[in-house]
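One structure is given below, encoded as structure tokens.
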Amino acid sequence: MKTIGIKMRSYANEVNIINNNDIERKILHIISISFGLLAILYVVFLGNIIFNIVERRTIEADARNVGNEVMQLEENYLAMNSKLDINTAYAMGFSDAKATFATRQSTPSLGMNTSKSDTTLAKNEI
């Protein structure tokens with residue numbers, strides 16, 4: 001057992017570690033670059049979220065203002081509508097409309113005589 005231990009120590013001292021062009025250093029650089037890119041993406045996404053929240057709040061405030069304006073206009077309309085009657089309209093210069101209707105007169109077909117004397121109906125035609 002002692003001889004095996006001595007041989008193992010002697011082999012371990014003679015083994016050269018292959019350095020594969022500093023693979024550990026390359027992995028460290030890849031991890032640090034990835035971490036930096038992820039941090040930048042985090043900041044960008046966080047900025048977009050904050051911007052959207054602020055924009056939504058301003059749009060909600062604008063919507064409330066427009067709603068209030070519409071409510072005031074509806075109140076004004078109802079107040080004006082209750083004041084109007086036929087006498088006020090006449091005083092403002094309005095008058096009753098006279099209805100004129102357009103009627104169509106039938107025209108006789110070409111080549112047919114539409115006089116009643118030529119038109120006869122059989123008893124069973126009606």
Side-chain angles (χ1 to χ4, degrees):
M1 194 71 157
K2 213 175 208 183
T3 58
I4 294 175
I6 294 172
K7 282 187 178 182
M8 289 298 281
R9 273 186 248 139
S10 66
Y11 286 135
N13 290 337
E14 293 177 4
V15 173
N16 291 329
I17 297 175
I18 299 174
N19 193 1
N20 289 341
N21 296 329
D22 288 331
I23 191 76
E24 294 155 350
R25 184 170 248 191
K26 286 182 180 180
I27 291 174
L28 179 65
H29 285 302
I30 290 172
I31 290 174
S32 61
I33 289 172
S34 299
F35 181 72
L37 288 175
L38 289 175
I40 290 171
L41 283 175
Y42 175 75
V43 169
V44 168
F45 288 144
L46 190 64
N48 282 338
I49 289 171
I50 292 171
F51 177 75
N52 289 337
I53 290 171
V54 170
E55 188 70 22
R56 188 190 74 215
R57 286 185 181 169
T58 57
I59 289 173
E60 287 175 352
D62 290 342
R64 277 193 302 270
N65 291 338
V66 169
N68 290 336
E69 288 178 21
V70 168
M71 186 173 53
Q72 289 174 355
L73 290 173
E74 287 175 348
E75 289 175 358
N76 291 341
Y77 168 75
L78 291 174
M80 287 179 174
N81 195 17
S82 65
K83 292 179 184 177
L84 291 178
D85 60 353
I86 194 74
N87 293 330
T88 308
Y90 287 142
M92 292 178 151
F94 291 97
S95 62
D96 288 332
K98 294 177 184 161
T100 306
F101 297 103
T103 59
R104 183 171 32 167
Q105 297 177 353
S106 63
T107 58
S109 316
L110 296 174
M112 289 189 63
N113 191 0
T114 58
S115 64
K116 291 186 178 185
S117 62
D118 292 339
T119 308
T120 58
L121 294 175
K123 290 181 181 180
N124 294 332
E125 265 188 76
I126 300 179

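Distance CD1/I27 to CZ/R25: 13.0 Å, rounded to 0.5 Å. One finds the CG atom of D62 at 6.0 Å from the OG1 atom of T58 (value rounded to the nearest 0.5 Å). The CG atom of D22 sits 8.5 Å away from the NE2 atom of H29 when rounded to the nearest 0.5 Å. Taken from CZ in F35 to CG in L38, the straight-line distance is 8.0 Å, to the nearest 0.5 Å.
In this structure, F51 is not a member of the same hydrophobic cluster as V43, with clusters built from ILVMFWY side-chain heavy atoms closer than 4.5 Å.
Residues L37 and I33 meet the side-chain proximity criterion, which asks for heavy atoms closer than 4.5 Å.
Grouped by direct or indirect side-chain proximity (heavy atoms under 4.5 Å, Ile/Leu/Val/Met/Phe/Trp/Tyr only), M80 sits alone.
The side-chain hydrogen bond (donor to acceptor under 3.5 Å, both in side chains) analysis of residues 68-95, with sequence neighbours excluded, yields the pairs D85-T88, Y90-D96.
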